[in-house]
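Throughout, residue positions are numbered sequentially from 1 according to the sequence presented. The analysis underlying the following values was restricted to heavy atoms, covering all of them including side chains, and did not include hydrogens, waters or symmetry mates.
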Amino acid sequence: MTEEKSYKKWLALAAMSLGVFMALLDVTVVNVALPTMAIDFKTTFNNLQWVLNAYTIVFAVMLLIVSKLGDMFGRKKIFIASMFVFVIASAINGMASSLLVLDIGRGVQAIGGSGLMSLAMALVASNFEGRERGTALGILGSVIGLSTASGPLVGGWLVEAFGWPSIFYINVPVGIVAVIMTWINVKETPSYGKGQSIDFLGMLLSAAALFSAVYGLIQKETNVHWAWTDMRIAGWLIAGFVLAVIFVLVELKVKTPMMNLKMFKSINFVGAVIVAFTLGAGVYAINAYLTGLMQNYMGYTAFQTGLRQLVISIWSLVLGPVTGILGNKYSKKWMMSGALLLGGIGFLLLANAMTTKLEFIDLVPAMILMGITNAIVNPMLNTAGLEGVAPQEMGMAAGLLNVFRQFGVSFGVVMLGLTQTNHYEKYLNAHLDSVKMPEAAATGLHKALVEAGPFSGHAVAFSDRLANAPFAHAFQQVVLNAYDKGMAAVGVTAAITVFIGAVGAAVFMRERKN
């Protein structure tokens, strides 16, 4: 009987892992499908941005709400409901006949994805105890890292083999299997909110605050030359801050609040939040820039890029279960702090490798260290962050860690993008005059490079129109050097970010014995 129960627990973990894998994979898997979508929908890349943004915004907004509903009414029920929403929306996305339908479908899909992500961690924590909990959360954390990192590989293969709808259709059979496994094997948690009133105002305020903050960052990401003081950016960020303050004031007075703010009195939980934010802002945010480097400047296809990025993601498979076991024996805080320091060194190696003679082998040391960092920190973050949290609040605590991780990604993508653009344009402004070409050509090409941005500068410099120009080689070298300077600055900025996380883990997190 005991063996059967134990067997079901690990099948439950497999079900949770499938749900998390799908939810997070769909954050990154769409990136590689955008060029094909642009052709099929006869539209531009800018118009396709909302295929990404709709998922990102709704995913972040719904994390806390779904976490609270799971705590109140049973995490298994809400998890299965989230899976149904995710699967149905995925099928609709695959059949989408217009961009509008796809954008709406992506938003609905994100509602399901947020439930899968936030409740899986809490369900695993409540289905396991003692040392097994650390191991199980370690495995789940590795799945989180693997799903984020493997998006380009899975997406590239599916798009090249079956077309872009396949990245959505694949969720249907996997989701059905996950629902059946969850229904049979996952133990339901108590309905802690029985008899309590739902804090609708708290849910509305939290959703509005997160939406405003994330939308403001997305506005800056897509319009890098707008000033932070531009009300099209500042207005949203200020609104997010004001709404967050109002949310806190409301939660302090409500009898049954959506969020127990006393969680933030735990110095250990604060440390976990810092680590989650810096992990997102450093390790996960840089994935977009690494993918751009490999596809746009090194000439790899989407699938080839994903295959090479296995150097990062494979560590989640190798170290995941081991990390959970080590976390039960040794100091989690110092292992996380040390791993983040390793990641920072990796980013500095990336910065140092950026030259016009860059080859893939030059990136390998940096990518290995990035992969080890992710493989160690993510699993331990889940375990350490939930230590000391009351059972009825585990869903909310897991949701908060995911919110800060996701907000960190949004913030990091913007910060790294601004850093890259500033150094890229600074180099262009200082060195483009050294290229001997007609003044009209210099003015036009400079404008084209600035408008295209660092990601697309290579396409401008190596276009067919410039191939036979006498100044082509010199111009191309300036563009390549400008990009290298931008990417080197991205590496340094990411290193500083994770170094802050390392300090945060060391200073704030506390040791606990299982």
So, the side chain of [X] versus the backbone of [Y]: is there a donor-acceptor pair under 3.5 Å, distance only?
X    : Y    : answer
S206 : M203 : yes
K333 : A506 : yes
Q406 : T56  : no
S166 : L158 : yes
N127 : K9   : no
N223 : W226 : no
K220 : V414 : no
R405 : A276 : no

Which value, rounded to the nearest 0.5 Å, describes the distance between [X] atom [atom1] and [Y] atom [atom2]?
X    : Y    : atom1 : atom2 : result
I274 : L340 : CD1   : CG    : 11.5 Å
M370 : L342 : CE    : CG    : 13.0 Å
S337 : I376 : OG    : CD1   : 11.5 Å
Q219 : N53  : CD    : CG    : 9.0 Å
R75  : M16  : CZ    : CE    : 12.0 Å

task: Sequence neighbours left out, what passes side-chain contact (heavy atoms from CB on, under 4.5 Å) with A209? Give chain and number order.
output: L243, A244
- request: Show your working on side-chain contact (heavy atoms from CB on, under 4.5 Å) between L418 and M415 and close with a plain yes or no.
  value: CA-CA 5 Å; L418 292 176; M415 290 299 102; 3.9 Å; yes
Listed pairs under 3.5 Å, donor-acceptor, residues 495-505 side chains, sequence neighbours left out:
{"unit_1": "T497", "atom_1": "OG1", "unit_2": "T493", "atom_2": "O", "d": "2.9"}

All ring pair (Phe, Tyr, Trp, His ring centres under 6.0 Å) counterparts of [X], not counting sequence neighbours:
X    : answer
W164 : F41
F168 : none
F269 : F264

Check against side-chain contact (heavy atoms from CB on, under 4.5 Å), L350 and I286: CA-CA 11 Å; L350 172 66; I286 206 170; 3.8 Å; yes
- prompt: Would W10 and I139 count as a side-chain contact (heavy atoms from CB on, under 4.5 Å) if you check the C-alpha gap in whole Å, the side-chain angles of each, and the deciding distance to 0.1 Å?
  reply: CA-CA 11 Å; W10 296 105; I139 293 172; 4.2 Å; yes
query: Do you see a donor-acceptor pair shorter than 3.5 Å between the side chains of T291 and Q309?
result: yes
task: Test S17 against L140 for side-chain contact (heavy atoms from CB on, under 4.5 Å), laying out the working first.
output: CA-CA 6 Å; S17 298; L140 186 66; 4.0 Å; yes
- request: Would you please indicate if the ring centroids of W183 and F79 are separated by under 6.0 Å?
  value: no
query: With Q109, which of I92, N171, V58, V85 fulfils side chain to side chain contact (heavy atoms under 4.5 Å, CB included)?
result: N171
- prompt: Heavy-atom distance under 4.5 Å between the side chains of F347 and V283, does that happen here?
  reply: yes
query: Of F404, F277, Y284, which meets ring-ring contact (aromatic ring centres under 6.0 Å, His included) against F411?
result: F277
- prompt: How would you list, by chain and number, every residue that makes a side-chain hydrogen bond (donor to acceptor under 3.5 Å, both in side chains) with S331, sequence neighbours excluded?
  reply: E511
